[in-house]
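Reckoned from all heavy atoms, side chains included, excluding hydrogens, waters and symmetry mates. In what follows, chains carry the letters A, B, and so on, assigned in the order in which the sequence lines appear, proteins first and then strands, with residues in each chain numbered from 1.
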There are 2 protein chains.
Amino acid sequence: MSATRRKTSYDVAQLAGVSQSAVSRAFSEDGSVSQKMRDKIRAAADELGYRPNAIARSLGKGQSGLIGMIINRHSQQSYAAALTGITEILRESGGGVLLQVVDADSLADEAIATLLDYQVDAIICSSVLSNTAAEQCAKSGVALCLVNRQTDSMLVDEVFSDNEGVSFAIALGLASTGVQNAAYIYGPESGFVSRLRFQGFSAGCVQAGLAKPSKIYCDFTYQGGYDAALELLDLNPNLDAIFAATDTMAFGVMDALRYSKGIAVPDTIQVVGFDDEATAAYRAYQLTSVRQPMAVMLLEAVDLARNRIKNPKSPKRRVETKSKVIQRKTATWTIQSAIDSGRNQN
Amino acid sequence: MSATRRKTSYDVAQLAGVSQSAVSRAFSEDGSVSQKMRDKIRAAADELGYRPNAIARSLGKGQSGLIGMIINRHSQQSYAAALTGITEILRESGGGVLLQVVDADSLADEAIATLLDYQVDAIICSSVLSNTAAEQCAKSGVALCLVNRQTDSMLVDEVFSDNEGVSFAIALGLASTGVQNAAYIYGPESGFVSRLRFQGFSAGCVQAGLAKPSKIYCDFTYQGGYDAALELLDLNPNLDAIFAATDTMAFGVMDALRYSKGIAVPDTIQVVGFDDEATAAYRAYQLTSVRQPMAVMLLEAVDLARNRIKNPKSPKRRVETKSKVIQRKTATWTIQSAIDSGRNQN
DNA sequence: CTGAAAGCGCTAACAC
DNA sequence: GTGTTAGCGCTTTCAG
């Protein structure tokens with residue numbers, strides 16, 4: 001079992017007694033080869049354990065079959081599940097995903113460069129990108145698709161979930177239960193989606209005749225949420241609802257309320273999160289939260305990217321997916337009123 | 001900003017008035033080029049926005065700089081954090097991570113094939129692998145390193161955490177508090193690490209003079225843990241400790257105990273988990289759990305792989321890392337006794 | 001130290 | 001259909 005030289009199409013050709021290009025054809029979907037020849041070649045290939053070298057193919061075709069993905073460290077968890085689907089799909093078409101997890105948005109540019117070096121066909125990015133990075137992609141003819149991120153460039157597609165819409169609906173839902181003093185906790189990802197969610201939430205509050213919600217910033221952690229809740233309480237003792245930009249922070253909020261202050265959730269203060277992490281369903285939290293259709297979003301992104309590869313100058317597309325609020329036990333409006341609120345918004 | 005043809009080393013050569021091979025040298029660490037020439041070339045390259053094509057380089061060198069990673073869907077969460085570090089390191093050396101997330105171990109072989117097609121230099125795998133897949137790697141001269149997985153092959157390295165050791169220590173710790181009837185809940189990953197952990201736990205119980213722990217299988221979920229706990233309770237009403245192969249299941253166990261049965265944790269039944277998920281630290285759980293040094297393990301894996309690339313026939317290496325039990329509130333032995341137990345084991 | 005030339009393994013015209 | 005030939009963009013001898 002020593003590491004022998006990898007078999008090439010020449011080896012197969014020789015064994016099968018055909019030309020090398022015949023081998024190439026036998027391994028491409030639409031190569032014009034007779035069935036007989038194809039069989040003969042495949043047989044020879046199997047005997048040798050030959051598989052086409054994807055790198056060499058890439059060089060010749062100018063397409064690598066690779067898709068680059070840039071994920072922000074903080075949102076990684078939400079993407080984890082969806083990653084299964086995406087690698088599977090790409091695997092079926094013989095491609096792969098080149099992953100870059102970035103710690104901070106500032107590193108995204110560097111990540112892009114590496115991806116570009118490997119001639120990825122497209123980049124799916126859930127991190128903020130500099131304009132130069134976006135331009136670089138365009139110049140290199142690489143399709144770029146942002147996920148829950150925005151850009152001015154007319155040549156990059158975007159897929160969003162309706163961050164503002166659900167947040168709006170949540171405000172209405174909360175208001176329908178008599179909430180008067182709502183607060184919002186800012187969160188992760190350089191605040192980009194946080195801002196969207198706040199805007200929606202804020203607009204919803206106003207629409208419902210409430211004051212604009214107070215807001216507070218914190219880092220992206222459980223502890224951050226915990227501390228933020230305490231601070232919020234100091235600022236406004238009449239608080240009766242907290243919407244956190246992220247489940248992780250919402251858990252912190254709940255625990256600060258329940259364990260540190262002895263405040264009942266949702267009786268005294270209602271809590272809503274975002275992301276629908278697994279933990280949200282656990283009996284100890286049962287957090288009402290928002291579920292974005294991550295798998296759908298990512299698949300949509302792959303789709304947009306592929307279309308753009310085929311047709312590079314097609315106009316910018318932006319697809320918005322519907323999120324769902326998962327009603328559990330930390331907020332008390334009825335599903336019906338939530339649905340209604342959603343309708344109002346559209 | 002139309003997608004112009006990508007600049008090549010020839011373009012740079014022409015601009016700088018030198019040969020193409022000079023450009024190549026200017027971009028390789030140890031190319032023999034005068035400083036003056038290097039500067040001139042780099043300047044020209046910058047002007048053109050040139051970056052070497054990693055795919056072409058791979059083809060020429062026979063090394064892609066790519067590392068393939070295969071992660072089992074169920075263990076993905078534990079790897080998520082460590083992925084940041086790994087992509088970063090590889091990025092620095094100009095390489096990348098080709099990721100494959102597999103749903104079931106049975107898909108790992110297919111994943112390997114795809115990875116091999118792209119000529120990855122090494123594969124880091126946290127999924128069970130067939131022998132043929134392992135042989136395929138060896139035959140292709142691709143370094144293979146398993147993480148928390150085992151194989152007979154003498155040519156693949158392994159990095160483990162001391163699954164058995166900590167589990168043994170946990171048994172002793174539990175026993176030191178007077179536990180009499182311990183149970184174990186099997187878990188994820190085709191049971192491979194589950195088995196290791198059970199063996200260690202079981203041995204620890206015996207060593208402490210207890211009966212062998214009862215065990216029960218369940219799927220890998222919160223609900224699975226929940227149901228398993230209930231069943232265990234039926235089987236043995238005197239149960240006083242449950243060790244779950246995974247935190248996720250342990251959360252289910254705790255909630256079944258507390259909310260469904262009104263049983264106090266840890267007063268009546270102690271619970272210990274494995275993985276130290278973020279949720280374990282939350283106030284509502286405060287689960288005593290085991291933290292494996294994932295980042296270290298993965299880095300170690302990269303290191304092993306790189307060494308094997310340099311020296312393909314070096315003897316099999318197996319590195320075992322130390323896990324740490326994180327004492328929180330669901331088990332009552334003291335840290336000191338845990339440390340002592342650990343010592344006994346070594 | 002620098003340039004010329006020969007591949008790396010494959011795809012894609014181009015002839016037959 | 002099938003074989004021949006010319007690249008894809010780089011690295012690496014090999015001369016000079």
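Enclosure of atom CD in B:Gln14 is not indicated, since only 12 or fewer non-hydrogen atoms of other residues, nucleotides or ligands lie within 6.0 angstrom.
A:Asp157 has no carboxylate O lying under 4.0 Å from a charged side-chain N of A:Arg317, or vice versa, which leaves the two without a salt bridge.
A straight line from CG of A:Asp121 to C1' of D:dC8 spans 15 Å, rounded to a whole angstrom. In this structure, B:Gln35 atom CD and C:dC1 atom C1' are separated by 13 Å, rounded to whole Å. Between the CZ atom of A:Arg38 and the C1' atom of D:dT2 there is a distance of 14 Å, given to the nearest Å. Between the CD1 atom of A:Ile41 and the P atom of D:dG1 there is a distance of 14 Å, rounded to whole Å. In this structure, the CZ atom of A:Arg5 is 13 Å from the C1' atom of C:dG7, given to the nearest Å. Between B:Met37 atom CE and C:dT2 atom C1' the separation is 7 Å, expressed in whole Å. Atom-to-atom, OH of B:Tyr118 to P of C:dG9 comes out at 17 Å; the value is rounded to the nearest Å. Look at CD on B:Gln63: it is 15 Å from C1' on D:dC10, rounded to the nearest Å.
Classified by interplanar angle (parallel below 30°, tilted 30° to 60°, perpendicular above 60°), the ring pair B:Phe220/B:His74 is perpendicular.
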For nucleotides 10-16 of chain C, read 5' to 3', which letter fits each nucleotide if B means a protein heavy atom sits under 4.0 Å from the base, S means only the sugar-phosphate is that close, and - means neither?
BBBB---

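Scanning all heavy atoms of the two residues, the minimum distance from A:Ser126 to A:Tyr79 falls at CB-OH, 3.1 Å.
Using a 4.5 Å cut-off on side-chain heavy atoms (C-beta onward), A:Thr8 and A:Asn53 make no contact. Residues A:Arg91 and B:Val102 have side chains in contact (heavy-atom distance under 4.5 Å, counting atoms from C-beta outward).
Bending across the helix from C:dC1-D:dG16 to C:dC16-D:dG1, expressed as the angle between its end axes from five pairs apiece, amounts to 40° (10° rounding).
Which of D:dG3, D:dG1, C:dG3 sits closest to the side chain of B:Ser19 comes down to C:dG3.
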